[in-house]
Amino acid sequence: MSFPALSQHVILLAGQSNATGQGDKMVSNSLFNTGRGFEYDVLIDSIKLLEDPAGQRWKDLEPANSGSILPAFVYSLNQKTNQPVVVISAARGGSSCHQKAELSNYGTWDITGKLFHQTHEKVLAALKITKSKLSAIIWMQGERDANAINDGILSDKEYKQSLISLIGRFRKEFGKNVPFYIVQTGYQSGRPILGNNHVRKMQQEVAKELEYVFIAYDKTTSFLDRNLMKDHVHYNQNGLNEIGLEVGNMVSKLLK
């Protein structure tokens with residue numbers, strides 16, 4: 001497949017399990033298929049048409065299991081900017097922003113972990129193929145850090161600092177003014193809402209304190225009441241589509 005000759009937006013989508021998506025396939029995404037959405041496939045070191053589910057497993061980064069926000073996101077962004085969109089998908093289910101919250105052995109998004117380093121490697125390879133700069137970074141915040149706050153393992157201030165440090169590491173590598181969008185996906189039904197509220201408050205503080213940091217979506221605490229949950233932590237395809245469309249609209253405002 002030949003890559004589009006037009007200029008394109010190259011977007012990094014990083015974070016936790018709902019970043020790539022764990023939706024169901026009950027809802028068709030055919031209406032979002034514009035033919036102008038692409039993804040970087042690290043296994044073949046090439047750009048290909050966006051698939052749903054997106055991507056392939058690579059090292060500790062994982063693809064969507066079923067469904068994702070990506071078709072709706074790319075559709076929304078393409079409609080607003082009229083340019084092709086290349087997505088670099090980098091997520092790991094259950095991962096955390098701060099090492100204190102980490103319960104697994106594949107590392108965190110903290111500097112001590114390997115997820116950031118693997119993502120950095122993947123992005124550099126994608127940018128070499130696209131011959132572009134990174135247009136935006138979308139950070140999908142999962143539930144692990146909120147749960148750690150609930151359990152007294154992590155303080156809200158520690159979470160805030162880990163997020164600031166993460167933004168700084170991305171910008172050191174990809175440009176100090178790259179827009180950074182936070183999507184709060186970390187709602188786990190059955191757990192106290194307090195941890196989630198603390199995470200959201202810290203995100204809002206960071207967005208006020210740092211330039212070009214934006215809250216792109218933080219409505220997932222309403223998903224249970226709105227029947228948009230697939231299970232206790234993941235969203236169904238209707239929920240993922242809503243996130244994708246709204247985040248695409250937000251991101252487009254600086255990319256026109």
Side-chain angles (χ1 to χ4, degrees), residues 3-4 6-16 18-21 32 34 36-40 42 47 50 54-55 61 64 68-91 97 109 115-116 118-142 163-185 203-204 206-219 240-256:
F3 188 68
L6 298 173
S7 61
Q8 68 279 329
H9 299 305
V10 182
I11 311 291
L12 170 61
L13 187 77
Q16 293 147 62
N18 278 312
T20 48
F32 299 132
T34 63
R36 304 191 76 194
F38 301 84
E39 60 179 307
Y40 172 68
V42 68
I47 303 296
L50 180 68
L61 304 177
S68 76
I69 77 164
L70 292 177
F73 166 72
V74 168
Y75 173 85
S76 177
L77 187 55
N78 177 249
Q79 290 294 301
K80 298 294 192 308
T81 66
N82 197 33
Q83 289 186 325
V85 180
V86 180
V87 174
I88 307 168
S89 184
C97 194
W109 290 96
L115 296 180
F116 176 82
Q118 292 174 354
T119 298
H120 178 248
E121 181 182 349
K122 188 174 185 180
V123 172
L124 288 181
L127 296 181
K128 183 177 180 180
I129 292 288
T130 61
K131 297 179 174 60
S132 301
K133 294 181 179 180
L134 201 60
S135 304
I137 299 166
I138 301 173
W139 172 253
M140 307 288 282
Q141 176 67 52
L163 181 60
I164 291 173
S165 297
L166 180 69
I167 294 169
R169 289 196 298 280
F170 275 122
R171 287 180 164 174
K172 180 180 179 181
E173 301 298 335
F174 304 121
K176 64 179 182 179
N177 294 326
V178 176
F180 190 98
Y181 297 88
I182 300 171
V183 179
Q184 175 55 27
T185 67
Q203 291 170 345
Q204 291 163 0
V206 171
K208 289 180 180 178
E209 294 171 10
L210 299 183
E211 289 187 316
Y212 302 112
V213 175
F214 308 93
I215 305 299
Y217 193 91
D218 67 349
K219 303 174 186 175
L240 293 172
N241 288 347
E242 177 180 308
I243 296 171
L245 290 173
E246 291 205 25
V247 173
N249 181 59
M250 279 290 296
V251 172
S252 72
K253 294 178 180 179
L254 287 183
L255 299 184
K256 291 181 179 179

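Computed from a predicted structure; not experimentally measured.
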**Asked** Does the side chain of Phe38 come within less than 4.5 Å of Val74's, by heavy atoms?
**Response** no
**Request:** Identify, with sequence neighbours excluded, every residue that meets side chain to side chain contact (heavy atoms under 4.5 Å, CB included) alongside Ala216.
**Result:** Tyr181, Val183, Val247, Met250
**Request:** Kindly indicate whether the side chain of Ile215, heavy atoms from C-beta on, has any atom under 4.5 Å from the side chain of Tyr217.
**Result:** no
**Message:** Applying side chain to side chain donor-acceptor pair (under 3.5 Å), can you list everything that pairs with Gln79, at least two apart in sequence or on another chain?
**Reply:** none
**Message:** How long is the straight-line distance from CG of Asn82 back to OG of Ser252, given to the nearest 0.5 Å?
**Reply:** 12.0 Å
**Verdict with supporting geometry, Val86 and Ile11, side-chain contact (heavy atoms from CB on, under 4.5 Å)** = CA-CA 6 Å; Val86 180; Ile11 311 291; over 6 Å; no
**Item:** salt bridge (Lys or Arg N to Asp or Glu O under 4.0 Å) partners of Glu173, counting only residues at least two apart
**Value:** none
**Item:** Euclidean distance, Leu70 CG relative to Ile243 CD1, rounded to 0.5 Å
**Value:** 11.5 Å
**Item:** side-chain contact (heavy atoms from CB on, under 4.5 Å) evaluation trace for Val42 with Tyr40
**Value:** CA-CA 6 Å; Val42 68; Tyr40 172 68; 3.7 Å; yes
**Prompt:** Closest approach of Ala14 and Trp109, non-hydrogen atoms and distance?
**Reply:** CB-CH2, 4.0 Å
**Main-chain N/O of Ala126 paired to Thr130 side chain as donor or acceptor, under 3.5 Å** = yes
**Request:** Quick one: list whatever passes side chain to side chain contact (heavy atoms under 4.5 Å, CB included) with Val123, sequence neighbours left out.
**Result:** Leu12, Ile88, Thr119, Leu127, Leu134, Phe174
**Request:** Answer whether the closest heavy-atom distance between the side chains of Trp139 and Gln16 falls below 4.5 Å.
**Result:** yes
**Request:** Look only at the side chain of Arg169 and the backbone of Ile164, and say whether a donor-acceptor pair between them is shorter than 3.5 Å.
**Result:** no
**Asked** Among all residues two or more places apart in sequence or in another chain, which pass the ring-ring contact (aromatic ring centres under 6.0 Å, His included) test with Phe170?
**Response** Phe116
**Prompt:** Of the non-hydrogen atoms in Cys97 and Leu166, which two are nearest, and what is the gap between them?
**Reply:** SG-CD2, 4.3 Å
**Item:** Phe214, CZ: over 12 other non-hydrogen atoms inside 6.0 angstrom
**Value:** yes
**Prompt:** Any sub-3.5 Å donor-acceptor pair from Ser135's side-chain atoms to His9's backbone N or O?
**Reply:** no
**Message:** Treating Lys133 as the side-chain partner and Gly175 as the backbone partner, does any N or O pair qualify as donor plus acceptor under 3.5 Å?
**Reply:** no
**Spacing of Ser132 atom OG and Gln8 atom CD [to the nearest 0.5 Å]** = 3.5 Å
**Message:** Looking at Ala72, is its backbone amide N or carbonyl O close enough to the side chain of Ser76 to form a donor-acceptor pair, meaning the two atoms are under 3.5 Å apart?
**Reply:** no
**Request:** Output all residues satisfying side chain to side chain contact (heavy atoms under 4.5 Å, CB included) with Asn78, sequence neighbours left out; order by chain, then residue number.
**Result:** Thr34, Arg36
**Complete:** Sorted by chain and residue number, the salt bridge (Lys or Arg N to Asp or Glu O under 4.0 Å) partners of Glu209 (sequence neighbours excluded) come out as Lys160
**Request:** List for me each residue that meets side chain to side chain donor-acceptor pair (under 3.5 Å) alongside Gln184, sequence neighbours excluded, and say none if there are none.
**Result:** Gln203
**Request:** Supply the atom-to-atom distance Leu163 CG to Leu210 CG, rounded to the nearest 0.5 angstrom.
**Result:** 8.0 Å
**Complete:** To the nearest 0.5 Å, atom NZ of Lys172 lies from atom OG of Ser165 at 12.0 Å
**Prompt:** With a 4.5 Å limit on heavy-atom distance, are the side chains of Met140 and Ile69 in contact?
**Reply:** yes
**Fill in**
Sorted by chain and residue number, the salt bridge (Lys or Arg N to Asp or Glu O under 4.0 Å) partners of Lys219 (sequence neighbours excluded) come out as Glu246
**Request:** Would you confirm whether Arg171, through its side chain, and Asn177, through its main-chain N or O, come within 3.5 Å as a donor-acceptor pair?
**Result:** no
**Prompt:** Under a 4.5 Å cut-off applied to non-hydrogen side-chain atoms, are Gln204 and Asp218 in contact?
**Reply:** yes
